[in-house]
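Nothing fancy with the numbering, it's 1 onward along the sequence. Values below: every heavy atom of this structure, side chains too, minus hydrogens, waters and symmetry copies. Remember, it's a predicted structure, so these values are computed and weren't measured experimentally.
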Amino acid sequence: MKKNKQSQKYQPQKRKASEVKKTGYLKNSKENILFIIIIFCVPVLLYLQTLKFGFTNFDDDLIIQNNVKFLSNTGNFFNSFITDQFIDKESSFYRPIGTISYMLDIQLSGGNNPWMYHLSNVLLLGFIACSLYLLLRRFGISPKFALFGTLIFYAHPLFVSTTAHLPNRAELQLSLFSILSFIFLIDFLQKKKNVFLVLHWLAFTIAIFCKETAAFLPFLYIMYYLIFIIKKRTGDFHIEKKYVFILISYGISGLVWFWLRHKALTGVTNSEETFGIEPFLTNLRLIPESLAKFFLPSDIAPMPAFSWFNLIAGSVIIVLLIILFIKNKQRVTGEKIFCIAWFLILLVPSMLYKHPHFDYLDHRFFLPMIGILLFLLFIIPANWINKSQVRFYVLMIFIVIGLSIFSFIKSHSYKDSITFYNAAIAHNTKSAICYNNRGSALATQGMYDQALSDFNKAIELEPDFALAYKNRGVTYNVKGMYKQALDDLKKAIVLKPYFPEAFYYCGVVSSNQGSYDTGIPYYTKAIELNPVYVNAYFNRANLYCIEGSFEKGITDYSQVIALMPDYMQAYLNRGFTYSSLGSYDNAILDFSKVIKLKPDNADAYYERGQVYGKQGFLDKACEDLKKSVDLGSQRAKDIVGNYCK
């Protein structure tokens with residue numbers, strides 16, 4: 001009897017989460033509902049201030065602002081699945097669900113409104129927090145531990161960038177659907193209802209179209225099944241045949257995703273990122289670095305850099321976690337291994353990637369770190385609450401409030417581009433890309449001398465930084481310093497021969513110098529590198545017409561219109577070119593299109609009136625010229641008397 005009592009006493013400590021009653025996480029539904037409401041409201045209220053923020057011009061300009069026309073057209077829904085994240089064939093990232101969500105933001109808010117993008121991020125965080133709570137409950141975590149674990153996690157300053165920085169929408173979506181996929185998998189395995197299997201497969205499929213990291217999820221699904229579900233009666237890990245169907249469903253989703261991704265990224269030649277074993281080895285220090293920042297959140301910045309402090313502190317934390325892993329007897333070894341595997345497996349995709357101008361970004365720890373949270377909740381003794389409930393609640397509330405205040409302050413860095421890069425540079429004074437990007441933001445605001453200073457600093461820190469040379473060249477051009485501009489742009493081309501923007505601006509500078517015959521080849525090269533470069537076609541068309549090559553000009557204007565059907569100036573210029581060739585009917589069609597696009601365009605009425613006059617339609621000419629006069633055209637006022645008798 002004594003031996004049996006000891007056995008009974010020991011068993012609850014070693015029980016698996018899967019051995020919790022199937023409805024255990026649904027008990028005390030009123031408490032669960034209250035906790036879910038709290039969990040949704042706290043992170044939402046914490047980041048509600050971001051609705052007043054704008055763009056940082058760190059990828060959000062490339063992903064959103066530069067693609068408003070594409071994103072505003074709901075007809076591009078399916079095109080989102082066959083283009084890269086930046087919609088320009090210069091990126092190796094495939095995030096169609098994110099692209100579609102930006103489309104939805106524009107439709108809901110009626111335009112390119114930063115507050116709507118931020119609101120979507122904030123609401124996503126609230127839903128993710130609720131989903132994490134439900135997931136923790138399904139792993140057998142008590143309601144109060146799950147509540148405070150979730151609140152601490154989403155109030156953590158390490159993840160400020162995940163919500164406050166608009167381009168990280170993909171990370172939020174990945175996390176939401178990854179967590180949901182696990183919730184539905186657990187429900188299916190425990191309740192054996194096929195509806196949960198379908199929901200699990202659907203959530204996983206959406207997750208891989210959010211971000212590539214989700215392709216690693218099936219490894220965790222299989223680990224969960226082997227560790228939490230299979231009963232080791234004979235020591236044989238036998239997989240039931242009916243679960244083979246699940247593996248096949250992963251394969252089908254993966255093949256469709258791979259095919260569409262390949263189609264979207266075919267032709268990408270300008271990507272500077274590197275992928276593979278070499279970046280992985282360089283990024284091994286992300287493991288201690290991320291752990292140090294999670295447990296000691298003092299080194300949080302918009303654009304962090306590897307540091308010796310984080311490396312050493314993180315290494316010490318790894319040793320402590322290993323000790324806790326060995327010492328803890330509350331959970332079986334397999335369950336603790338699963339938690340660590342969650343962290344490591346979902347961190348691997350980030351480790352396989354290296355950007356040439358920064359070490360890493362904090363948002364990539366968002367989903368992997370859930371594994372560490374789960375591990376900590378697994379090993380914390382459940383009787384901590386029972387021994388001193390008041391002290392436990394006070395401590396947890398104090399931690400949540402403290403982290404929230406820190407996160408609230410840190411999120412201010414994402415208010416606008418200048419604030420963002422000021423904060424980034426204050427933390428990382430050796431970052432060439434921070435100086436370059438702040439220089440671009442300053443130039444946009446007309447502060448050209450300050451911008452040149454930042455570009456100079458970027459080039460000093462990174463002498464082979466082609467983008468900084470290009471940006472400095474563009475700024476020199478604005479200031480009328482054409483020789484310096486051309487020197488910098490040519491240097492950018494030497495450093496990066498596949499740089500269409502550098503060739504384009506060489507054409508701009510040449511045109512400003514009056515060297516039209518030199519400008520045309522530069523625009524042509526830019527078009528070769530980027531066949532959808534609208535501005536290059538437009539500028540080349542202008543030069544063709546200046547040189548008298550009207551047919552070539554019309555061809556380029558037509559290409560501009562094919563790529564951008566509402567490019568008003570292209571219609572206006574093509575109409576004028578048609579008129580010069582005596583093709584009056586075509587000219588009238590183009591001027592009429594301009595008037596349709598912008599009814600108060602005085603130039604279009606003036607030009608159409610001129611053409612009507614050449615055709616002998618004096619009444620129509622008079623009507624158009626009067627309209628042009630009414631809209632303020634001095635040119636029309638000077639000649640209207642010739643047509644109106």
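Residues satisfying the side chain to side chain donor-acceptor pair (under 3.5 Å) test with N79, not counting sequence neighbours, are N76. Under the rule for a salt bridge (charged side-chain N to carboxylate O under 4.0 Å, His left out), E547 has no partner lying at least two apart in sequence or in another chain. Listed by chain and residue number, T524, K525 satisfy the side-chain contact (heavy atoms from CB on, under 4.5 Å) test with E528 (two or more places apart in sequence, or in another chain). For D449, the salt bridge (charged side-chain N to carboxylate O under 4.0 Å, His left out) partners two or more places apart in sequence, or in a different chain, are K479. Residues satisfying the ring-ring contact (aromatic ring centres under 6.0 Å, His included) test with Y435, not counting sequence neighbours, are none. By the ring-ring contact (aromatic ring centres under 6.0 Å, His included) test, F455 is found to be paired with no residue, residues two or more places apart in sequence or in another chain being considered. Listed by chain and residue number, nothing satisfies the ring-ring contact (aromatic ring centres under 6.0 Å, His included) test with Y606 (two or more places apart in sequence, or in another chain). Remark: K69 pairs with D566 by the salt bridge (charged side-chain N to carboxylate O under 4.0 Å, His left out) rule, at least two apart or across chains. Legend: residues meeting ring-ring contact (aromatic ring centres under 6.0 Å, His included) with H118, ordered by chain and number and at least two apart, are absent. By the salt bridge (charged side-chain N to carboxylate O under 4.0 Å, His left out) test, E278 is found to be paired with no residue, residues two or more places apart in sequence or in another chain being considered.
Ring centroids of H363 and F366 are separated by 6.0 Å or more, keeping the two rings apart. Separation of the Y578 and Y584 ring centroids does not fall under the 6.0 Å cut-off.
For the atom pair CG of L124 and CZ of F127, the computed distance is 8.0 Å after rounding to the nearest 0.5 Å. Rounding to the nearest 0.5 Å gives a distance of 5.5 Å between CZ of F420 and CZ of F58. Once rounded to the nearest 0.5 Å, the distance linking CG of N73 with CG of N67 reads 12.5 Å. Between atom OG1 of residue T50 and atom NE2 of residue H165 there is a gap of 12.5 Å, rounded to the nearest 0.5 Å. Atom OH of Y544 and atom OH of Y557 lie 12.0 Å apart (nearest 0.5 Å). Between atom NZ of residue K496 and atom NZ of residue K470 there is a gap of 9.0 Å, rounded to the nearest 0.5 Å.
Residue Y476 qualifies as enclosed at atom OH: its count of foreign heavy atoms under 6.0 Å is above 12. Atom CH2 of W201 has 12 or fewer neighbouring heavy atoms from other residues, nucleotides or ligands inside a 6.0 Å radius. More than 12 heavy atoms of other shown residues, nucleotides or ligands fall within 6.0 angstrom of atom CD in Q450. For D619, the CG atom counts as loosely surrounded, since its 6.0 Å shell holds 12 or fewer non-hydrogen atoms of other residues, nucleotides or ligands. Heavy atoms of other residues, nucleotides or ligands lying less than 6.0 angstrom from NZ of K596 number 12 at most.
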- Item | Stepwise side chain to side chain contact (heavy atoms under 4.5 Å, CB included) check, F177 with T205 | CA-CA 9 Å; F177 289 104; T205 301; over 6 Å; no

- Message: side chain to side chain contact (heavy atoms under 4.5 Å, CB included) for E212 and W257? Distances and angles first, verdict last.
- Response: CA-CA 9 Å; E212 295 86 344; W257 166 78; 3.8 Å; yes

- Message: Walk me through whether N437 and T56 qualify under side chain to side chain contact (heavy atoms under 4.5 Å, CB included).
- Response: CA-CA 10 Å; N437 291 8; T56 62; over 6 Å; no

- Query: Step by step, would you call F81 with F209 a ring pair (Phe, Tyr, Trp, His ring centres under 6.0 Å)?
  - Reply: CA-CA 8 Å; F81 288 91; F209 283 98; 5.7 Å; yes

- Would D60 and Y102 satisfy side chain to side chain contact (heavy atoms under 4.5 Å, CB included), going step by step from the backbone distance to the final call? CA-CA 11 Å; D60 51 13; Y102 296 131; over 6 Å; no

- Item | Step-by-step ring pair (Phe, Tyr, Trp, His ring centres under 6.0 Å) determination, F503 to Y533 | CA-CA 11 Å; F503 283 103; Y533 205 149; over 10 Å; no

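A heavy-atom distance below 4.5 Å is found between the side chains of L543 and S511. Put simply, the side chain of V122 reaches to within 4.5 Å of the side chain of T163, judged on heavy atoms. Annotation: side chain of Y523 is in contact with side chain of V508 (closest heavy-atom distance under 4.5 Å). Counting heavy atoms from C-beta on, the side chains of F70 and T99 come closer than 4.5 Å. Using a 4.5 Å heavy-atom cutoff, the side chains of R635 and D603 are in contact.
The disulfide bond (SG atoms under 2.5 Å apart) analysis of residues 582-645, with sequence neighbours excluded, yields the pairs C622-C644. For residues 464-506, there are no disulfide bond (SG atoms under 2.5 Å apart) pairs, not counting sequence neighbours.
Residues S120 and D105 bring a donor and an acceptor atom of their side chains to less than 3.5 Å of each other. Neither side chain, N57 nor Y421, offers a donor N or O lying under 3.5 Å from an acceptor on the other. Checking S579 against E607 by side-chain atom types alone, no donor-acceptor pair falls below 3.5 Å. In this model, a donor atom of one side chain and an acceptor atom of the other lie less than 3.5 Å apart for D585 and Q615.
Between F258 and H262, the ring planes lie parallel to each other; the angle is under 30°, not in the 30° to 60° tilted range.
Between R364 and E171 there is no salt bridge, since none of the side-chain N atoms of the basic residue sits less than 4.0 Å from a carboxylate O of the acidic one.
Across all non-hydrogen atoms, the minimal contact from S510 to T518 is OG-CG2, 3.8 Å. The two residues L631 and P599 come nearest to each other via the heavy atoms CD1-O, 4.2 Å. Residues L572 and V594 share a closest heavy-atom pair of N-CG2, 3.6 Å.
With D487 as the partner, the side chain to side chain donor-acceptor pair (under 3.5 Å) test is satisfied by one option alone out of K491, Q484, K483: K483.
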